[in-house]
Amino acid sequence: MKSLILVIFLFLAKSVIADDSACLKCHLAHGDQSSETTQHIDTSLINMSVHKKLYCIDCHDIDPAEQHAFRTDVDCGSCHEEVLNIYKESIHGVALANGIKESPGCTDCHGGHNIISHFNPESKVYSTNVPKTCSECHTSERVVGKFGLKADRIATFKESFHGIGNELGEASVANCASCHGVHNIFPQSNPKSLIHNDNIEATCGACHVDLPPDFAHGTIHTSASEETSGGKFFVRKFYYFFISIIIIGFILYRILEYKRRVKRVE
Ligand code: HEC
Ligand code: HEC
Ligand code: HEC
Ligand code: HEC
Ligand code: HEC
Ligand code: HEC
Ligand code: HEC
């Protein structure tokens, strides 16, 4: 009974204060109280987003009657608790909690007012857009250098079979998150990591059935331009050599043929 009264009270309270117009009279460019210093928002982004039914105060804990010049952190976890609990344990979540600002929070990967379903090809986290979203940090010198991360992850992915498929818009091939996890990303040495030695077969096996033994255990991020990549490196070397010989041979052939023709005309 008590909780029913509370729910009714909250509902009434919400319908009194939860009217976006109180915020929009300042935060819309043509709002009657807007000034040059107010940040104007584009409400069409929210209206096209998954959150179109929410009120401003569901995300911004702000009383419109009070001055509030400072940015307030939006607590996405108040509604997405399950995701938050997984994320909190991940390398990104732990790093952010430890004050590492370069580590992604929810909005770095998802956006703010413009969040759309991850099944929508326009989404920052749609399968074929994931590599770009991760690369905002994992190719950035500012982040890679500072944390001693490997800088070649995106380049090597793009060279791979999956990377080429991804670039061609193939949503079924593996993207970064298919192998590393989404909200549960850990370093390979952590037993919870999807690429940990004990888990990698299951990770690849999610898409590749009847794997031959050791299929999953090779290195993934290899580049044909590094000798440590073994076969891939030597095949490429041979290929360059072979193609060069063919091109030189072809040019030589044309020159000789030309000379012969000139001779014949004389
Ligand atoms: C009387 C006008 C006024 C009203 C009403 C108002 N705001 Fe603001 N708001 C401002 C001003 C001025 C600032 C500081 C300048 C700025 O936008 O950075 C601000 C700042 C903000 C910021 C931080 C912007 C930043 O720089 O990160 C957010 C978020 C915000 N308001 C949301 C709201 C919400 C949500 C409501 C309704 C509950 C609301 N405001 C109602 C005038 C107003
Ligand atoms: C789903 C949650 C959500 C809702 C609903 C929402 N906001 Fe925001 N808002 C955010 C987040 C997250 C940011 C910060 C964006 C970022 O860091 O990229 C933000 C940023 C802002 C800013 C700072 C300027 C900017 O564009 O970055 C203002 C002002 C603002 N919101 C006002 C509003 C108003 C007014 C409403 C209601 C019409 C509203 N917001 C509804 C999540 C929300
Ligand atoms: C490192 C990037 C990244 C961060 C940080 C991140 N997400 Fe995600 N999120 C993704 C990707 C990628 C998907 C798409 C998953 C898929 O395709 O199955 C996703 C999917 C989702 C979904 C829909 C699917 C589901 O599992 O319910 C929700 C809701 C979500 N994220 C909320 C959040 C919240 C809340 C936070 C912060 C606590 C957050 N995300 C942080 C990348 C991220
Ligand atoms: C007041 C509750 C609330 C808050 C706060 C909130 N969300 Fe949501 N969010 C929802 C609801 C409800 C849905 C489902 C909408 C639907 O299914 O149509 C949703 C959907 C989503 C989805 C789409 C899931 C999918 O299938 O792809 C993502 C991503 C997401 N939210 C991320 C965030 C992020 C990031 C924040 C913080 C900036 C946030 N949400 C804040 C309630 C909330
Ligand atoms: C906003 C920047 C940012 C984005 C976006 C981002 N990361 Fe990260 N990532 C980091 C930082 C910073 C670290 C290092 C944290 C630490 O060492 O404490 C990290 C660490 C990692 C690690 C562990 C690296 C190691 O050597 O142990 C993996 C794996 C990882 N990220 C994968 C991803 C994937 C996959 C995506 C996209 C879904 C992604 N990240 C998106 C900033 C980012
Ligand atoms: C097919 C699975 C797969 C895909 C797709 C993939 N990775 Fe990896 N990733 C791995 C494996 C396995 C390792 C361990 C080292 C190796 O094999 O090269 C790794 C290592 C890493 C590391 C170092 C982490 C550590 O713990 O040492 C980072 C960072 C990383 N990948 C980021 C990415 C990013 C960003 C993308 C997308 C552009 C991506 N990966 C795509 C499987 C994958
Ligand atoms: C999200 C699903 C998915 C995951 C996870 C995945 N792959 Fe793939 N992979 C594909 C698809 C789809 C193709 C393209 C198959 C085709 O066109 O025949 C492919 C192609 C390949 C190919 C080249 C073609 C072939 O079948 O020989 C190799 C090698 C490969 N994957 C290895 C791996 C390894 C190793 C892992 C785990 C580290 C992995 N994949 C994880 C979906 C995935």
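Atoms within each ligand, like the ligands themselves, are counted from 1 in listed order. Hydrogens, waters and symmetry mates play no part in the numbers below; they use all other heavy atoms, side chains included.
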Counting from 1 in the order shown, the ligand 1 atoms closer than 4.0 Å to a non-hydrogen atom of I57 are 38 (C)
Closest to atom 8 (Fe) of ligand 3, among the N/O/S atoms of H110, is atom NE2
Note: L54, heavy atoms under 4.0 Å from ligand 4, region reported as side chain
Distance-only, no hydrogens or angles: does the N114 side chain make a donor-acceptor pair with backbone N or O of G112 under 3.5 Å?
-> yes
The protein heavy atom nearest to atom 27 (O) of ligand 3 is V83 CG2, 4.1 Å
heavy-atom search around atom 3 (C) of ligand 3 in the protein gives C109 SG, 2.8 Å
If we number the atoms of ligand 4 from 1 as shown, the ones under 4.0 Å from a heavy atom of C79 are 1 (C), 2 (C), 3 (C), 4 (C), 5 (C), 42 (C), 43 (C)
Any heavy atom of C76 under 4.0 Å from ligand 3? The part involved is side chain
Note: A65, heavy atoms under 4.0 Å from ligand 1, region reported as neither
In ligand 3, the atoms that come under 4.0 Å of a heavy atom of H80 are 29 (C), 35 (C)
Answer with yes or no whether the side chains of N175 and S127 bring together a donor and an acceptor at under 3.5 Å. yes
Atoms of ligand 4 under 4.0 Å from any heavy atom of C106, numbered from 1 in the order shown, are 35 (C)
Note to self: Under 4.0 Å, counting heavy atoms only: does P104 come that close to any atom of ligand 3?
What the structure shows: yes
Tell me whether ligand 3 is touched by S127 - counting only heavy atoms on the residue side and a distance under 4.0 Å. no
Quick look: K53 vs ligand 4, heavy-atom contacts under 4.0 Å, and the answer is neither
Going by the 4.0 angstrom heavy-atom rule, the piece of H183 near ligand 3 is side chain
Taking CD in E82 as the centre, count heavy atoms belonging to other residues, nucleotides or ligands within less than 6.0 Å. Is the count above 12? no
For atom 8 (Fe) of ligand 4, is there a protein heavy atom at a distance under 4.0 Å? yes
One finds that the ligand 1 atoms under 4.0 Å from a non-hydrogen atom of A22 are 5 (C)
D58 heavy atoms within 4.0 Å reach ligand 4 at atoms 1 (C), 5 (C)
Is the shortest side-chain N to carboxylate O distance from E136 to K124 below 4.0 Å?
yes
| field | I116 backbone acceptor or donor facing S49 side chain under 3.5 Å | value | no
Note: ligand 4 atoms sitting under 4.0 Å from heavy atoms of C59 are 5 (C)
Under 4.0 Å from one or more heavy atoms of G105, ligand 3 contributes atoms 5 (C)
Here the gap from Y55 atom OH to H60 atom NE2, rounded to the nearest 0.5 Å, amounts to 15.5 Å
message = Looking at ligand 3, would D108 count as a contact under a 4.0 Å heavy-atom criterion?
response = no
In this structure, atom 26 (O) of ligand 4 is nearest to the protein heavy atom H118 ND1, 3.3 Å
C56 heavy atoms within 4.0 Å reach ligand 1 at atoms 35 (C)
Going by the 4.0 angstrom heavy-atom rule, the piece of Q39 near ligand 1 is both
Notebook entry, point to check: Purely on distance, is any nitrogen or oxygen of H27 under 3.5 Å from one on ligand 1?
Noted result: yes
Under 4.0 Å from one or more heavy atoms of V182, ligand 3 contributes atoms 9 (N), 10 (C), 11 (C), 12 (C), 13 (C), 15 (C), 19 (C), 42 (C)
Numbered in order shown, the ligand 1 atoms found under 4.0 Å of a heavy atom of P64 are 5 (C), 37 (C), 38 (C)
Under 4.0 Å between heavy atoms, the region of I115 that gets near ligand 4 turns out to be side chain
(Q) Protein heavy atoms near atom 12 (C) of ligand 4, is at least one of them under 4.0 angstrom away? (A) no
Near Y87 (heavy-atom distance under 4.0 Å), the atoms of ligand 3 are 5 (C), 38 (C)
Checking heavy atoms under 4.0 Å, the part of H68 that sits near ligand 1 is both
Under 4.0 Å from one or more heavy atoms of C26, ligand 1 contributes atoms 1 (C), 2 (C), 3 (C), 4 (C), 5 (C), 42 (C), 43 (C)
Is the gap between the ring centers of F157 and H162 under 6.0 Å? no
Answer yes or no: is there an ion pair linking K192 with E89, defined by an N-O contact shorter than 4.0 Å? yes
Ligand 1 atoms nearer than 4.0 angstrom to some heavy atom of H60 are 29 (C), 35 (C)
May I have the step-by-step check of ring-ring contact (aromatic ring centres under 6.0 Å, His included) for Y87 and H92, ending in yes or no?
CA-CA 7 Å; Y87 165 82; H92 292 139; 7.5 Å; no
